[in-house]
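Here the structure is laid out as structure tokens; the discussion comes afterwards.
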Amino acid sequence: MSQASEHSTALTAADINNPFYYQENFITVIKWVTEFHARLLLKAELELIDRFLTLPQQPQALLIRLLLRKGPLFRVAKLSYPEIDSITASICALETDGWLTTEALLGLENLANLFTKAELAVLLDEDTAHNYSLAKHNKATFIAALSKQSGQFAAPEQVVSLGHHALFQRLRLMFFGTLRQDFSAFVTTELGHTRYEQVKLTTDTCAFQCRSDVDTYLYLDELSQNPEQACAADMLAALKSQAAQSTSLWLTRKRSRLLFDLGVKSAREQQFLVSNEAFEHSTHPAARLRLARSLERQGALENAFELACADPLNLDEEVGFERLKVRVGKKISQNYTTVVKAFSPPSFQLTLAPHDNSVEWAALEALQRLDDTSSYHYCENKLFCALFGLTFWPAIFAPIQGAFFHPFQRQPNDLYDADFYSRRREIIEQQFELLTQDPLRLLQRWDEKIGLSNPFVDWRSIDRALITLALSCINTTQLIAIFRRMLSSLYNLRRGFPDLIAFNPTASTFQLIEVKSPTDKLQDHQRAWLQFFAEQKIKASVCHILYSG
DNA sequence: TAAGCTTGCG
DNA sequence: TTCACACGTTCGG
DNA sequence: GAACGTGTGTCTCGCAAGCTTACG
Ligand SMILES: [Mn+2]
Ligand SMILES: [Mn+2]
């Protein structure tokens, strides 16, 4: 277990009743970042932050209001906040350091976003205006008409734009470790809409190790926002050169995702020079397989075969490489014969009348009617994930170094890393032990943790009674075996569970059923779970649906 | 004028 | 906007 | 049958205001 440096860190959210609660929270974050992670900021940035912190209270409040909104352009006349006395005075104050800038000219797109259809109509030249009516033509028509007049327009009223966007983006990223979260986390948490497990934080922990990692993230995020902009080859070159200097695992993952998408897109456009290289440089779980198939389509059969002979890194590769070798082996007279045979799970057929709801629900109803010894539930991954999340709660939220760095995290940063288990081995094994001793202990944990965010527990789709039922019907040894398999690759193996589960409380047994409509077929990872269940002597089968008439 | 969507807000 | 799953089309043997 | 691309439900809450469009 990692040692926490005892910089006890109270990061408290502001009281909602404070009319300036947003200001308080924003300042809290700024101070947190500048105090503890100043080494990731440039001198110029720190100076700018200083000036921000010394802004008079009212203009600063207004600026923060605007920073929290979509922006970056605002109509001054539309701004109104009861807690801010003089909007215009504050605007003036904010124009001195470039926090806000008045925009005299507006591009058409900005203009159209800021003003209503009626307001745009006024801007039409007089001789064209009479061709259009507000009732008959939609807003796009007016925009198109305006575009024939000009691409730039004098702002009809004062419009301001936010400055220093890059700095604030950077600060938000450094605090949250992602750009997908924003300051609304403070409020939703304060209101109790979302609740997070409280993990002891240490001030020396940040989402980022070095400044260049922050830069990298910002760059990758920008690329993923508008991937259409750069040409594919340029993008590839940029991502490649960046990869050379980065060590961070999760940034590599983020970049690999982009490279993978780039590869898929280029391959579709038959730009194989780009796509092959993009796949090669991507660590995305599906990248190698995709590359191998792409090579096959390009006719580079030897290359494809060779790649498919690599050790499979995951289930998809295992199955996909095998299929490819069989397919391509014949053509290049490699004479490859398959050793592995696809597992075929037990199955049965069920005939249904036409139904409105989904095939899973319809099958559930039909099966339930045929069998009054068991209760049927449509859970897919939800139930086993919930059991997993409850069982390993203390491990998931263990204060491992670097795993948690702000109070609004739903999961540790390394949840899907290969060493998730090894970094928590002791505590995980301890929970296995507790589970063996007393499975019903999980119900206590349910009561204790109910409502708290957990990456495996969806509180609304599962209830306490179902957990109780599950614990009384699922043999602990079997449950442990399932958990061990999940732990071997959390990212891949938290999905693929059969649609339905049926509990027989009298016999203390259960069975799993994957429903397949006539048009659907078993996915590889679903098949893998079914094979595992068969090996573990867990009753699991596929229900093939037929339709009457 | 109602419905449907986005945005802001706490 | 992401994820997991289902559905539908294309393609080659 | 395999592979690929697309569609669907779901999403962290609930409400109000403002705007646009479809509809009668
Ligand atoms: Mn399913
Ligand atoms: Mn199914």
Side-chain angles (χ1 to χ4, degrees), chain A residues 13-22 25 65-66 68-71 74-75 78-83 112-121 134-143 178-196 221 224-225 257 261 264-265 267-268 286 289-290 292-294 296-297 299 316 319-320 322-324 326-328 330-331 342 357-361 378-382 385 408 410 416 451-455 458-461 491-499 514-526 545:
Chain A
D15 182 350
I16 293 284
N17 296 317
N18 175 358
F20 294 100
Y21 73 92
Y22 56 91
N25 288 333
R65 277 282 194 196
L66 300 186
L68 300 182
R69 287 179 48 178
K70 198 176 169 218
F74 301 92
R75 293 166 68 175
K78 293 279 183 188
L79 299 178
S80 160
Y81 297 102
E83 78 279 10
N113 287 332
L114 284 163
F115 295 90
T116 67
K117 184 165 77 168
E119 289 163 333
L120 293 179
L134 288 172
K136 282 191 187 145
H137 301 278
N138 63 19
K139 191 171 180 180
T141 311
F142 280 87
I143 295 169
T178 171
L179 285 175
R180 288 174 53 189
Q181 270 182 299
D182 58 39
F183 291 87
S184 66
F186 281 88
V187 181
T188 52
T189 306
E190 191 70 2
L191 292 174
H193 291 142
T194 50
R195 292 168 51 224
Y196 296 93
D221 186 73
S224 59
Q225 293 302 309
R257 172 63 187 261
D261 290 346
V264 169
K265 201 177 298 175
R268 202 166 26 212
L289 190 53
R290 200 74 185 214
R293 286 174 186 150
S294 178
E296 181 190 2
R297 298 186 116 195
D316 284 341
V319 181
E322 195 59 36
R323 279 199 278 252
L324 187 139
V326 172
R327 217 165 42 226
V328 176
K330 283 185 242 167
K331 292 195 204 165
N357 46 6
S358 72
V359 66
E360 292 88 354
W361 283 114
Y378 176 23
C379 303
E380 274 178 348
N381 308 316
K382 299 273 172 67
C385 280
F408 312 107
R410 192 176 88 106
Y416 296 122
L452 285 179
S453 298
N454 178 302
D458 178 1
W459 296 101
R460 278 162 310 178
S461 61
Y491 182 77
N492 295 302
L493 296 175
R494 55 170 296 164
R495 57 183 187 265
F497 287 91
D499 295 314
E514 170 58 36
V515 178
K516 282 298 170 201
S517 81
T519 58
D520 196 9
K521 60 172 220 163
L522 217 50
Q523 296 174 29
D524 292 332
H525 61 285
Q526 292 173 331
I545 301 299

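Numbers restart at 1 for each chain; the letters A, B, ... are given by sequence-line order, proteins then strands.
- Here A:F183 lies out of heavy-atom contact (under 4.0 Å) with every strand.
- One can place CG of A:L114 at 17 Å from P of D:dG18, the figure rounded to the nearest angstrom.
- Nucleic acid contact for A:R257: sugar-phosphate only, since backbone atoms but no base atoms lie under 4.0 Å from a heavy atom of the residue.
- Here A:S453 lies out of heavy-atom contact (under 4.0 Å) with every strand.
- A:K136 comes within 4.0 angstrom of nothing in the nucleic acid, heavy atoms only.
- Picking from C:dG13, C:dA6, B:dG10 the nucleotide with the shortest atom distance to the side chain of A:Q526 gives C:dA6.
- Heavy atoms of A:E514 sit under 4.0 angstrom from primed sugar atoms or phosphate atoms, though from no base atom.
- Among the protein residues, A:E190 comes within range of no part of the nucleic acid, since none of its heavy atoms lies under 4.0 Å from any strand.
- Across all strands, A:T188 comes closer than 4.0 Å to base atoms (heavy-atom distances).
- Note on A:Q181: nothing from the nucleic acid sits closer than 4.0 angstrom, heavy atoms only.
- Nucleotide D:dT10: unpaired (no Watson-Crick or G-U wobble partner with both distances less than 3.5 Å).
- Between atom CG of residue A:D524 and atom CD of residue A:E322 there is a gap of 12.0 Å, rounded to the nearest 0.5 Å.
- The residue A:K516 sits close only to the backbone: its heavy atoms come under 4.0 Å of sugar-phosphate atoms, none of a base.
- Residue-level contact check: A:R290 touches the backbone only, with heavy atoms under 4.0 Å from sugar-phosphate atoms and none from bases.
- Backbone-only contact: A:G496 has heavy atoms under 4.0 Å from sugar-phosphate atoms and none from a base.
- Nucleic acid contact class of A:H137 (heavy atoms, under 4.0 Å, all strands): none.
- Within 4.0 Å of A:R410, counting heavy atoms only, lies no atom of the nucleic acid at all.
- Atom CD in A:E296 sits roughly 10 Å away from atom P in C:dG12 (whole-Å rounding).
- There is a side-chain donor-acceptor pair under 3.5 Å between A:E119 and A:T116.
- Residue contacts for A:I16: at a heavy-atom cut-off of 4.0 Å it reaches the sugar-phosphate backbone alone, with no base atom in range.
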